[in-house]
J.: 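My questions all concern the structure below.
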Amino acid sequence: MTLSRAAVVYRGRLAPSPTGLLHLGHARTFWIAAQRARQHGGSLILRNEDLDPQRCCPEFVAAMYEDLAWLGIEWSEGPDRGGPFAPYSQSERRLHYLAAWQRLRDASWIYPCICSRKDLAAAASAPNDSDDEPIYPGRCRSRTEAAEYQQPAGVNWRFRVPDGETILFTDLHSGPQGFVAGKDFGDFVVWRRDDVPAYQLAVAVDDALMEITEVVRGADLLKSTARQLLILRALGYDPPAYYHCDLVRDDSGARMAKRHDAASIRNLREQGRTPEQVLQEAARKT
Ligand code: GLU
């Protein structure tokens with residue numbers, strides 16, 4: 001009998017992006033992540049997902065520590081806690097992403113895309129749902145000069161998805177899931193023209209290298225899981241298990257976003273709410 005990695009040692013993670021104040025949705029997801037790590041007697045890793053210099057800001061990193069401490073959520077590895085995979089800020093881990101980019105390039109999983117935003121807008125079929133990127137029409141798919149690039153900068157690099165394949169996984173909260181490559185999502189960007197590794201690549205690589213056994217995050221990322229499973233498979237890594245939490249919604253039914261400052265943990269704290277009240281409110285709004 002083979003034991004899955006999860007049966008051996010549980011490693012979970014908190015992966016906030018410092019692009020705004022954490023809100024009710026984060027409070028709930030991170031609380032569930034912390035609880036599951038505790039129930040499994042495992043560790044929880046804090047990873048600061050600060051890759052995008054245009055959107056990330058040190059003030060929000062500080063706010064994130066403050067909010068986590070106030071909620072009573074503790075992590076055992078990550079910034080300020082050391083651990084074997086430090087440092088845990090994605091902006092300090094470029095070499096890992098670059099190594100993955102090279103491997104994907106060498107195996108022709110990715111290709112350089114020179115389409116401009118304008119080209120894409122003109123060709124775009126409508127995005128499948130409000131938060132998703134349109135399916136890439138495939139114009140640069142047949143480009144053959146990938147091997148000529150020694151560095152990724154200057155073009156977008158896209159993952160060539162296996163059209164027609166259904167990417168299946170069983171979510172520990174939401175049950176069986178399936179997304180069809182080429183239909184539910186198209187060739188997605190793994191490295192941006194402005195030389196920033198894209199979210200999908202960085203997260204897949206980090207989850208693998210940090211030996212994460214279970215990813216707990218919001219249900220808005222279910223489809224991204226299919227993309228990340230493709231990256232993990234192309235790189236030869238075993239995937240973690242996934243637990244996607246129900247989304248917390250505002251009174252109009254829209255999913256919480258960082259623009260909802262009124263629902264930020266900081267704001268609720270300043271209004272005198274206790275951590276328990278914040279977590280109850282978040283649970284009520286799912
Ligand atoms: N950093 C991402 C976010 O804040 C979450 C990534 C993940 O959990 O995979 O939306």
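Both ligands and their constituent atoms are indexed starting at 1 by order of listing.
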J.: Verify the neighbour count for atom CD of E74: are there more than 12 heavy atoms of other residues, nucleotides or ligands below 6.0 Å?
T.: no
J.: Please report which non-hydrogen protein atom sits nearest to atom 3 (C) of ligand 1, along with the residue it belongs to and the distance in Å to one decimal place.
T.: S17 OG, 3.6 Å
J.: Please confirm whether R217 comes within less than 3.5 Å of ligand 1 when only nitrogen or oxygen atoms on both sides are compared.
T.: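 Looking only at distances, the answer is yes, because the N/O contact criterion of under 3.5 Å is met.
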J.: Please state which protein non-hydrogen atom is closest to atom 8 (O) of ligand 1 and give its distance, to 0.1 Å?
T.: R13 NH1, 2.8 Å
J.: Does this structure show an ion pair linking E281 with R273, if we count only N-O contacts that are shorter than 4.0 Å?
T.: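 Salt bridge present between E281 and R273.
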J.: Do I265 and W75 land in one hydrophobic cluster if side-chain heavy atoms of ILVMFWY residues count as linked below 4.5 Å?
T.: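 Same cluster.
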J.: What heavy-atom pair brings D171 and H244 nearest, and what distance separates the two atoms?
T.: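 Here D171 and H244 meet closest at OD1-ND1, 2.6 Å.
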J.: Do Y242 and V203 land in one hydrophobic cluster if side-chain heavy atoms of ILVMFWY residues count as linked below 4.5 Å?
T.: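 Result: no, two separate clusters.
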J.: Given P18, G218, A15, which one has a non-hydrogen atom that is nearest to atom 2 (C) of ligand 1?
T.: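 Ranked by closest heavy atom to atom 2 (C) of ligand 1, first place is A15.
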J.: Using heavy-atom distances only, which candidate in M64, Q200, E49, Q90 approaches atom 1 (N) of ligand 1 most closely?
T.: E49
J.: Please list, in number order, the atoms of ligand 1 under 4.0 Å from a heavy atom of Y199.
T.: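 What qualifies from ligand 1 is 6 (C), 7 (C), 9 (O).
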